[in-house]
Amino acid sequence: MNATRTTLHRMAATAVAGVALGLLLSVGPALAQQAKIKVGLMLPYTGTYAALGTAITNGFKLAIDENGGKLGGREIEYFTVDDESDPAKAPDNANKLIKRDQVDVLVGTVHSGVALAMSKVARDNNTLLVIPNAGADEITGPLCAANVFRTSFSNSQMGIAMGKVMAEQKKKTAVTLTWKYAAGDESVGGFKEAFEAGGGKVIKELSLPFPQVEFQSYLTEIAALKPDVVYVFFAGGGAVKFVKDYAAAGLNKTIPLVGAGFLTDGTLEAQGDAAQGLLTTLHYGDGLNNPKNIAFRAAYQKAFKSEPDVYAVQGYDAAQLLIVGANAVKGDMSKRAELVKAMEAAKLDSPRGSLALNKGHNPIHDIYLRKVEGKENKVIGVAVKNLTDPPRGCKL
Ligand code: PHB
């Protein structure tokens with residue numbers, strides 16, 4: 001090839017590249033709008049909380065499907081990680097979704113210890129995080145952040161509600177039992193605070209490591225202590241076993257067992273007779289007679305051929321909250337300040353009833369008193385109306 005032809009070729013190539021670049025620049029924003037929004041689901045799909053992770057995923061996807069499969073007009077691509085409810089693996093798992101998969105939003109998780117680690121990674125990377133279960137009080141308290149939201153509850157809320165109800169029922173003494181980690185400690189802490197404020201006394205606080213289920217020695221101790229009531233925090237597979245063991249030991253005939261509603265949510269099929277009559281407090285009840293819950297339950301049953309539970313509701317509401325935010329910025333998730341503002345102001349029509357967020361981005365909602373009847377957690381009253389957390393050092 002002679003020099004002139006080489007130069008001509010180069011000029012032509014440069015011109016083509018220039019046109020291509022110009023084209024790219026002009027369609028760039030449009031392409032960005034059309035690109036899928038990446039949603040990272042970091043949840044437990046194995047272990048004692050496996051069913052909880054699945055219900056959250058189902059609820060989340062149901063709300064998105066009802067919204068045409070989109071967020072703010074953009075299609076969605078899901079990235080999924082099984083976090084195994086293992087706090088030690090949490091930073092790596094969250095980083096995989098944020099750094100490798102470059103998700104636009106992280107949704108997770110169930111276990112408070114894992115969520116505490118996730119929220120740190122989310123804060124460090126300024127990634128939007130929506131928590132569809134884990135109730136660690138700190139996350140929406142002193143550790144609150146503009147990019148971190150929760151559509152579930154805080155751990156102390158259920159304990160506060162049950163402590164109040166038990167004091168009103170004139171119970172004088174209580175023993176508590178839980179897995180020893182943030183969720184159990186805070187749930188029991190809320191119970192103790194409200195029960196003792198109402199004139200009761202917690203005479204013994206028992207605990208075992210998560211997710212152990214060898215309950216026998218604790219049941220023996222409870223039988224010897226003979227309190228007026230036993231308050232527990234257990235969930236998932238562990239809750240199924242605890243309720244069955246409590247009944248098998250005959251304690252359900254002599255000492256009333258109460259708990260945060262996770263004790264009997266999504267578990268009644270497996271607990272059967274052992275759960276009958278148990279009182280729990282929770283921000284949801286199967287038979288809530290509002291139009292949203294009726295429609296939600298029918299749609300969930302149709303889509304997944306199973307009954308929804310509180311976890312499905314929380315996943316559904318996580319997606320509902322993101323839809324409000326994404327719609328406000330027409331799918332442009334980079335408009336973070338506007339997105340956050342819309343999510344903060346959201347008033348969701350939740351299957352639980354109305355749902356608003358407090359300053360720390362934690363739900364303000366009614367906490368119901370429920371009683372197990374057959375395969376239903378029947379709402380028999382409102383334990384605390386519009387329960388909201390104190391600011392607890394949140395500086396938003
Ligand atoms: C938690 O770890 O925060 C947690 C786990 C399971 C529940 C509720 C709270 O059902």
If the threshold is 4.0 Å, N to carboxylate O, is there a salt bridge linking [X] and [Y]?
| X | Y | answer |
| --- | --- | --- |
| D228 | K170 | no |
| K375 | E307 | no |
| D124 | K120 | yes |
| D185 | K180 | yes |
| K359 | E344 | no |

Is it true that the side chains of [X] and [Y] contain a donor and an acceptor less than 3.5 Å apart?
| X | Y | result |
| --- | --- | --- |
| N133 | Y311 | no |
| Y284 | N377 | no |
| K99 | N95 | yes |
| D317 | Q320 | yes |

With no hydrogens and no angle check, is any side-chain donor or acceptor of [X] less than 3.5 Å from a backbone partner on [Y]?
| X | Y | answer |
| --- | --- | --- |
| R150 | F153 | yes |
| R370 | G261 | yes |
| T178 | F233 | yes |
| N147 | T127 | yes |
| N358 | I364 | no |
| Q276 | G374 | yes |

(message) Take a 6.0 Å sphere around NZ of K38 and say whether it holds more than 12 heavy atoms from other residues, nucleotides or ligands.
(response) yes
(message) Check this for me: Q301, atom CD, are more than 12 non-hydrogen atoms of other residues, nucleotides or ligands nearer than 6.0 Å?
(response) yes
Mind checking whether [X] and [Y] have side chains closer than 4.5 Å, heavy atoms only?
| X | Y | result |
| --- | --- | --- |
| M166 | Y231 | no |
| P132 | F60 | no |
| L106 | V121 | no |
| P87 | H111 | yes |

(request) Could you check whether the rings of F195 and F191 sit parallel, tilted or perpendicular, using 30° and 60° as the cut-offs? (result) parallel
(request) Look at the aromatic rings of F234 and W179 and report parallel, tilted or perpendicular, splitting at 30° and 60°. (result) perpendicular
(request) Look at the side-chain heavy atoms of Ile, Leu, Val, Met, Phe, Trp and Tyr, link any pair under 4.5 Å apart, and say whether L369 and I160 land in one connected group. (result) no
(request) Flag this pair as yes if the NZ/CZ of K61 is under 6.0 angstrom from the six-membered ring centre of Y78 and inside a 45 degree cone about the axis; otherwise no. (result) yes
(request) Would you check, one step at a time, whether the test side chain to side chain contact (heavy atoms under 4.5 Å, CB included) holds for Y246 with L219? (result) CA-CA 7 Å; Y246 197 84; L219 296 176; 3.7 Å; yes
(request) Mind running side chain to side chain contact (heavy atoms under 4.5 Å, CB included) on M162 and V229 for me, showing each step along the way? (result) CA-CA 11 Å; M162 187 52 93; V229 64; over 6 Å; no
(message) Could you go through T54 and Y45, starting from their C-alpha distance and side-chain angles, then the distance that decides it, and tell me whether this counts as side chain to side chain contact (heavy atoms under 4.5 Å, CB included)?
(response) CA-CA 7 Å; T54 301; Y45 295 107; 4.1 Å; yes
(message) Let's go through F210 and S85 carefully: what are the C-alpha distance in whole Å and the side-chain angles of both, what is the deciding distance for side chain to side chain contact (heavy atoms under 4.5 Å, CB included) to 0.1 Å, and is it a yes or a no?
(response) CA-CA 10 Å; F210 174 86; S85 296; 4.1 Å; yes
